[in-house]
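Chain letters run A, B, ... following the sequence lines, proteins first, then strands; residues in each count from 1.
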Protein chains: 2
Amino acid sequence: MEGLKLIHMDENETVKKQIKRGREEQSPFDSEEFRTSNGISLDVTYMFDAPGDGSISREGVESLIPDVMKVHHMLKNNQGDIYDGDILMTGWQDLPSEITREHLRDIKSVTRGVAGEVDAFVSIGIGGSFVGIEATVRALTHQYFNQLDREKRGGAPEIYFLGYNMDPDFFRDTLDLLEGKRVAINVISKSGTTTETAIAFRILQDMMEKSWGDKASELIFVTTDKVSGALRKMAEQKDYRSFVIPDNIGGRYSVLTDVGLVGLAMANIDIEEFVAGFKNMREIALGDDFWQNPSLVHAAMRHSAWRAGKKVEVVATNAVSLYSVARWMEQLFPESEGHEGHGLWVSPSLYSEKLHANGQMVQEGERNILETFLLLKEHDNRVRIPGTEDNLDGLNFLVDSGLDMNFISRKIIEGPAYAHYHGGVPNMTVEIPKRNAFNLGQLYYMMERSVAISGYLLGHNPFIQPGVEAYKHAMFALIGKPGFEEIAREIEQHLEKMKRIRVP
Amino acid sequence: MEGLKLIHMDENETVKKQIKRGREEQSPFDSEEFRTSNGISLDVTYMFDAPGDGSISREGVESLIPDVMKVHHMLKNNQGDIYDGDILMTGWQDLPSEITREHLRDIKSVTRGVAGEVDAFVSIGIGGSFVGIEATVRALTHQYFNQLDREKRGGAPEIYFLGYNMDPDFFRDTLDLLEGKRVAINVISKSGTTTETAIAFRILQDMMEKSWGDKASELIFVTTDKVSGALRKMAEQKDYRSFVIPDNIGGRYSVLTDVGLVGLAMANIDIEEFVAGFKNMREIALGDDFWQNPSLVHAAMRHSAWRAGKKVEVVATNAVSLYSVARWMEQLFPESEGHEGHGLWVSPSLYSEKLHANGQMVQEGERNILETFLLLKEHDNRVRIPGTEDNLDGLNFLVDSGLDMNFISRKIIEGPAYAHYHGGVPNMTVEIPKRNAFNLGQLYYMMERSVAISGYLLGHNPFIQPGVEAYKHAMFALIGKPGFEEIAREIEQHLEKMKRIRVP
């Protein structure tokens, strides 16, 4: 029996497209003129006057504009409660225009050199040192990247992620894939003491040193604080190639720093175009005309929804590749807004998958939901639908109209936008013309600025995350980390007092 | 340069364990005696009296017990608003004890036969015809199943899923992997007209017929209504091997029917043990002692939390493999509860990944959160942590205490349970002793019964999903499906009236 033959497809351009993705048009990075008409739009048609309680009015949003413009200018001028200790945490704001071509060239030269020597690359990190890199790699590469031949990956090694959980089965399964391969790693942690990341690094480092001796040091990258911390010290001792996590940019805003750029370059993603997208949206998002600025409008809509009693924001996309970007937003927004009893819960979704899962609740459950759609308007591929003689499933009308899957994919957002609105769920759509590094950079900057604004509007510092320490301290106490004996005693006393209740 | 050598590992038992997972002890399926002390427990220690507003008291839960017991008995006796049309929708209730060994043997014989002839198997379905199968395959197999050698998959073919979205890039990427391979498919749809599934099936069917002629019909399975519908008719015409979706079991409760069993058998999962787990928990969950019945207690806790103003239930696990089970719950609960303005929003999470993402909001955001943890107590693998000479990351204490990753993994739940409770988030823990088919079957039945009870308590029918039709109708109108011209006109008029608002 022969293998399956593909038909109803265009020429196999998927892989080629993926490699050059973002390079189809002239790069604005080379030019002083930015494309200010960029193509990413925010459609808020379905935001106003949804039926039922808790609806949002255009007048309500417009009455908020003076406040929005005030914090917009405060942010531009670095005013307000935006320090972590004595460090101003808005470094991400102007970062896109500060990154030099030389810096990108250096990164590419390093990653290309190492990529040629290895079969697999492991990015080790958690939180902001994981989510943005993974999101971007998944968004811009083949969905089965590691299963492709190397040539079809454009020469990139296989890419894996570790250090973001403590599941030994997952760790071991990943090692099953790495065994016998030539491997390079990048460990990403500002302090170098983040438990999950440090443990994964210890294990990989030890294996690499025992497998390859001194050669291992050429295959280990460190991305950490510029001057201090455990990893910086180690990098100096062992002569590891190192990259920098800036002081003035929090993890969730760090995808454009070395934190993100090294992994993306390793996956063959066009980092120049990525930076260009950030730069372009920065120009747009600094604009002072509210109704022309998608960051300001997005922030105002979300804040209005929160004020109107919405509790959950569904971030839904029609593109499997962009689901990971919704996951990136699942960190960016709650970590910035979830302080002092505030904030919308963000729930990433792939449609239509989830329409057949929790879609019932979106349509008819508690009316405390807002939706932001990430609509990919044009996919890279056309997939035609073949006709059938007897039309048992009733879908020949699609064939007769010449409609392909790309067309239907758009309706997977437009249909729910209409139906959910009429069910009492206000919603807005971020329209993304094409999937490429430039547009992804734009989208990231739009969202970073949106949440900075909505965080300011909530009246607290959107650039810190003190609550993340609480679980760490309890966990440190439970694993017996020196210095946490006091908390360990507290937990023990607490559990004695409460008595365990287990069923059965 | 040689490949990476693994050290600090036990013998490589991962793959072997996966294959025989669920067969370590004598199968209770063969015996009339069920293991009523099953090992799955629900720990509700941290549910009561969390600080801050909206806390839940033990007295409050106990005052609810009479209501819980009432609906528990109604459910057992098939009373109440539990019909879809004139069909009683509680077929899942007694299903575990109705499945015969012969039926399982037939399924295995069919899947084994076909598995031997193909390289890859594609399960085509959406909603309940996708989520449960995918969840179980991911939960019980190697995390990189399709990248393993066939032998390490226990002889199973590669497994893919299609038909649950309309993204042509994802479709095409999957076809890239299928091209040139020998492929079998199972299309799962009760009506046979579900758009996403029917389109994916049309394409695969056409390719298979053009590649292999008549032989294709031996490689196409159909899982559909017993007597009617497009797929049943086609199965008869084309002589496809067919399986049955029962009338009296909704999609989200269907993982134990042929819907789930065929795909699981194809992935080499022990379906006898899976059924045995269901049977075992059924015995427990039918019990009338509230504090000995995890389904009743889980339902009462969730309902109390909802009454106390909780809006979001985080279902978090320490096991990458069980994240997909949390996703299964993301369908089961909201689709059953999200009616008439009711229901808790369910948000699946992997810890500690998400603790570094939206963990800030769980700890310090709006106090409207409940947590249910799925705690895997013992992983299959031990991964030891190597010591370092200079202890730069301060983690040598773990090495000195002889603690491995399996131990820390538990603390990834126990730490947050304590910290979140003290931050005002009540939480409970489902303790799962080992990851195997038996325990997964138990967990599923426990949760199915829990949501049936909590759905009853909300006062509406938990076995229908009328809201899912709304998006479909709007989408049908937008893609020009005959019969939906009226809605198409409504949408057009609506958009004219509203005027599009796009930024910029």
Side-chain angles (χ1 to χ4, degrees), chain A residues 3 5 41-44 126-127 143 164 166-170 172-173 180-181 193 198 206 211 230 292 294 297 311-312 320 331 334-335 338 343 345 353 356-358 360-361 363-365 379 381 383 386 392-393 405 408-409 411 415-416 418-419 465 467 470-471 474-475 478 501-504, chain B residues 3 5 41-44 126-127 143 164 166-170 172-173 180-181 193 198 206 211 230 292 294 297 311-312 320 331 334-335 338 343 345 353 356-358 360-361 363-365 379 381 383 386 392-393 405 408-409 411 415-416 418-419 465 467 470-471 474-475 478 501-504:
Chain A
K5 292 190 209 98
S41 293
L42 179 67
D43 186 323
V44 295
I126 193 169
Q143 292 304 306
Y164 64 93
M166 273 292 105
D167 177 344
D169 294 344
F170 175 74
R172 180 54 198 258
D173 285 0
K181 288 186 181 145
T193 60
D206 193 48
S211 296
Q292 292 295 312
V297 174
K311 304 299 182 191
V312 173
V320 175
Q331 171 175 22
E335 203 170 48
W345 185 266
E353 182 201 341
H356 291 248
N358 54 21
Q360 166 66 33
M361 182 167 272
Q363 191 71 47
E364 298 187 345
H379 296 265
N381 294 280
V383 175
L392 284 172
D393 59 12
M405 208 186 276
I408 302 168
S409 179
K411 307 306 165 189
Y418 178 82
Q465 53 287 331
Y471 105 82
M475 183 187 75
L478 292 169
I501 315 168
R502 289 168 94 234
V503 181
Chain B
K5 292 189 209 96
S41 293
L42 179 66
D43 186 323
V44 295
I126 193 168
Q143 291 304 304
Y164 64 93
M166 272 292 106
D167 177 345
D169 294 344
F170 175 74
R172 181 50 198 261
D173 285 359
K181 288 186 180 143
T193 60
D206 194 49
S211 296
Q292 292 296 312
V297 174
K311 305 298 181 190
V312 173
V320 175
Q331 171 176 20
E335 202 169 50
W345 186 265
E353 182 200 340
H356 290 249
N358 54 22
Q360 166 65 33
M361 181 167 272
Q363 191 70 48
E364 298 188 346
H379 296 265
N381 293 280
V383 175
L392 283 172
D393 59 11
M405 207 184 278
I408 302 169
S409 179
K411 306 307 165 188
Y418 178 82
Q465 53 288 330
Y471 105 84
M475 184 188 75
L478 291 170
I501 314 170
R502 288 170 93 234
V503 182

Check your understanding: What closest approach, in Å, do B/Leu392 and A/Ala230 show between heavy atoms, and which atom pair accounts for it?
Key -> O-CB, 3.4 Å

Exercise for review: Flag the one option from A/Thr193, A/Ile408, A/Asn358 with the top tally of heavy-atom pairs under 4.5 Å to chain B.
Suggested key: A/Asn358

Point to revise | Donor-acceptor pair, side chain of B/Asp43 and main chain of A/Arg502, under 3.5 angstrom | key: no

Study note, to complete from the structure: Closest non-hydrogen atoms of A/His356 and B/Gln331, given as atom of the first, atom of the second and distance, are O-NE2, 2.9 Å

Review point. Which atom pair, heavy atoms only, marks the closest approach of B/Gln363 to A/Tyr471?
Key: OE1-N, 4.4 Å

Check your understanding: Among B/Gly3, B/Gly365, B/Pro168, B/Gly467, who wins on heavy-atom pairs under 4.5 Å with chain A?
Key -> B/Pro168

Review point. For A/Gln143, does its backbone N or O pair with a side-chain atom of B/Asp173 as donor and acceptor, under 3.5 Å?
Key: yes

Review point. To the nearest 0.5 Å, how far apart are CG in A/Asp169 and CE in B/Met405?
Key: 10.5 Å

Check your understanding: Of the backbone (N, CA, C, O) and the side chain (C-beta and beyond), which part of A/Val44 lies under 4.5 Å from a heavy atom of chain B, both, or neither?
Key -> both

Revision key, fill the gap. Between B/Pro294 and A/Val503, the two heavy atoms sitting closest are N-CG1, 3.6 Å

Check your understanding: What option among A/Ile501, A/Ile126, A/Val297 has the most heavy-atom pairs under 4.5 Å with chain B?
Key -> A/Ile501

Review point. Hey, does the side chain of A/Asp167 reach the backbone of B/Val320 with a donor-acceptor pair shorter than 3.5 angstrom?
Key: yes

Exercise for review: Give the C-alpha distance, both sets of side-chain angles, the deciding distance and a yes or no for side chain to side chain contact (heavy atoms under 4.5 Å, CB included) between B/Lys311 and A/Val312.
Suggested key: CA-CA 8 Å; B/Lys311 305 298 181 190; A/Val312 173; 5.5 Å; no

Practice item. Measure A/Lys181 against the heavy atoms of chain B and call it side chain, backbone, both or neither at under 4.5 Å. Key: backbone

Review point. Looking only at atom types and distance, does a side-chain atom of B/Gln360 sit under 3.5 Å from a main-chain N or O of A/Pro334, one as donor and one as acceptor?
Key: no

Revision key, fill the gap. Correct closest heavy-atom pair for A/Ser409 and B/Met166 would be CB-O, 3.2 Å

Point to revise | From CE (B/Met361) to CD (A/Gln465), nearest 0.5 Å | key: 13.5 Å

Practice item. For B/Ala474 and A/Ala419, work out which heavy atoms get closest and say how close. Key: CB-CB, 4.3 Å

Practice item. Please determine, among A/Gly180, A/Gly127, A/Gly415, the option with the most heavy-atom pairs under 4.5 Å with chain B. Key: A/Gly180

